[in-house]
Amino acid sequence: MNKTRRFTAIFLLVLTFSLIGCSMKKNQEEPEKTPIKLETSQMQAVCELATLECYYHNTAKLDSEKQVLFWNTSKRLWIEYSGIVKVGIDLSKFDMRLDGNVVTIAIPDAKILGCEVDDASLSEDTFYSETKGLGSGKVGADDQTKAFQAAQEGMLAAVQEDESLLLQAKVRAQTLLENYVKNIGDAIGIDYEIRWETVVEDETAN
């Protein structure tokens with residue numbers, strides 16, 4: 001009788017470990033799949049990919065004249081350089097709403113997101129300075145900063161007025177977003193309808 005009980009206990013113990021092992025193996029072979037769905041964070045990443053990088057060539061100039069005592073003095077500075085202007089969608093203004101199969105996407109018009117000078121484009125060959133007159137002083141770091149600032153402001157103003165470039169950046173973002181929504185819909189079997197809204201930015205908030 002005791003042998004029968006021991007045999008039964010051992011059999012149940014082996015069966016239990018076998019079931020546990022099978023369950024663990026099944027979980028390892030079939031990991032839980034993350035459900036596919038539309039996500040605002042992913043759509044913001046798509047907008048970021050749509051950012052246009054416009055390479056430009058610019059010139060910073062300084063030409064100042066003043067009188068020191070009885071002498072006319074002047075400072076001249078000329079710097080040629082290259083850089084990149086980034087045009088795209090402000091992600092903080094992006095929004096997405098989902099109602100059934102209707103996806104409403106709200107994005108602002110494209111704007112200048114940043115401007116960077118290519119340091120590699122600066123060299124002795126692209127830099128020229130000249131001073132004339134007693135007491136004119138040397139062309140210093142402040143003069144270079146003012147010249148760069150004036151050049152950047154002029155260039156950014158020109159880009160901001162380029163409506164075709166800003167429109168191109170927005171259309172590019174919309175096209176990539178449409179493809180993203182369509183691909184997600186195809187993957188989960190939903191025919192999404194996309195509706196667009198334009199976010200009007202409050203200029204007084206700046």
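Remember, predicted model here, so these are calculated numbers, not experimental data.
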Mind running side-chain contact (heavy atoms from CB on, under 4.5 Å) on Thr51 and Arg172 for me, showing each step along the way? CA-CA 8 Å; Thr51 299; Arg172 175 180 167 85; over 6 Å; no
Please assess Val159 against Leu165 for the test side-chain contact (heavy atoms from CB on, under 4.5 Å), listing each intermediate value before the final yes or no. CA-CA 8 Å; Val159 174; Leu165 179 62; 3.9 Å; yes
Working note: Phe94 + Val199, criterion side-chain contact (heavy atoms from CB on, under 4.5 Å); need CA distance, chi angles, decisive distance, verdict. CA-CA 8 Å; Phe94 177 89; Val199 178; over 6 Å; no
Verify side-chain contact (heavy atoms from CB on, under 4.5 Å) between Ile188 and Lys37, making sure each step is shown before the conclusion. CA-CA 8 Å; Ile188 60 180; Lys37 61 181 180 179; 5.8 Å; no
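Using a 4.5 Å heavy-atom threshold, the side chains of Trp196 and Leu177 count as touching. Side-chain atoms of Thr104 and Asp99, non-hydrogen and from C-beta on, never get closer than 4.5 Å to each other.
When hydrophobic clusters are built by joining Ile, Leu, Val, Met, Phe, Trp and Tyr residues whose side-chain heavy atoms come closer than 4.5 Å, directly or via intermediates, Leu98 is grouped together with Ile184. There is no path of hydrophobic side-chain contacts, each under 4.5 Å, that joins Leu156 to Ile84. Both Met43 and Tyr192 are part of a single hydrophobic cluster, where members link through side-chain heavy atoms under 4.5 Å apart. Note on Leu167 and Ile89: separate hydrophobic clusters, where clusters join Ile, Leu, Val, Met, Phe, Trp and Tyr whose side-chain heavy atoms are under 4.5 Å apart, directly or indirectly. A single hydrophobic cluster is seen to contain both Val103 and Leu176, as judged by linkage of ILVMFWY side chains at heavy-atom distances under 4.5 Å, directly or through other members.
Rounded to the nearest 0.5 Å, atoms OG1 (Thr198) and CD1 (Ile105) are 11.5 Å apart. Here the CD atom belonging to Gln44 is positioned 11.0 Å from the CD atom belonging to Glu39, to the nearest 0.5 angstrom. Atom CD of residue Glu48 and atom CG of residue Leu113 lie 9.0 Å apart, to the nearest 0.5 angstrom. The CD1 atom of Ile107 sits 5.5 Å away from the NZ atom of Lys170 when rounded to the nearest 0.5 Å. Here the CG-CG distance, from Leu38 to Asn183, works out to 10.5 Å after rounding to the nearest 0.5 Å. Atoms CE and CD, on Met96 and Gln42 in that order, are 10.5 Å from each other to the nearest 0.5 Å.
Smallest separation of non-hydrogen atoms from Ala173 and Ala50: CA-CB, 3.5 Å. For the residue pair Tyr81 and Gln152, the shortest heavy atom distance occurs at OH-OE1, 2.7 Å. In terms of heavy atoms, Val87 sits closest to Ala169 at CG1-CB, 3.8 Å. Of all the heavy atoms in Asp90 and Pro108, the pair that sits closest is O-CG, 4.1 Å. Residues Tyr56 and Cys115 come closest through the heavy atom pair OH-SG, 3.4 Å.
Sorted by first then second residue, the salt bridge (Lys or Arg N to Asp or Glu O under 4.0 Å) pairs that include residues 178-197, not counting sequence neighbours, are Arg97-Glu197, Lys182-Asp186, Glu193-Arg195. Listed by first and then second residue, the salt bridge (Lys or Arg N to Asp or Glu O under 4.0 Å) pairs that reach into residues 149-166 come to none, sequence neighbours excluded.
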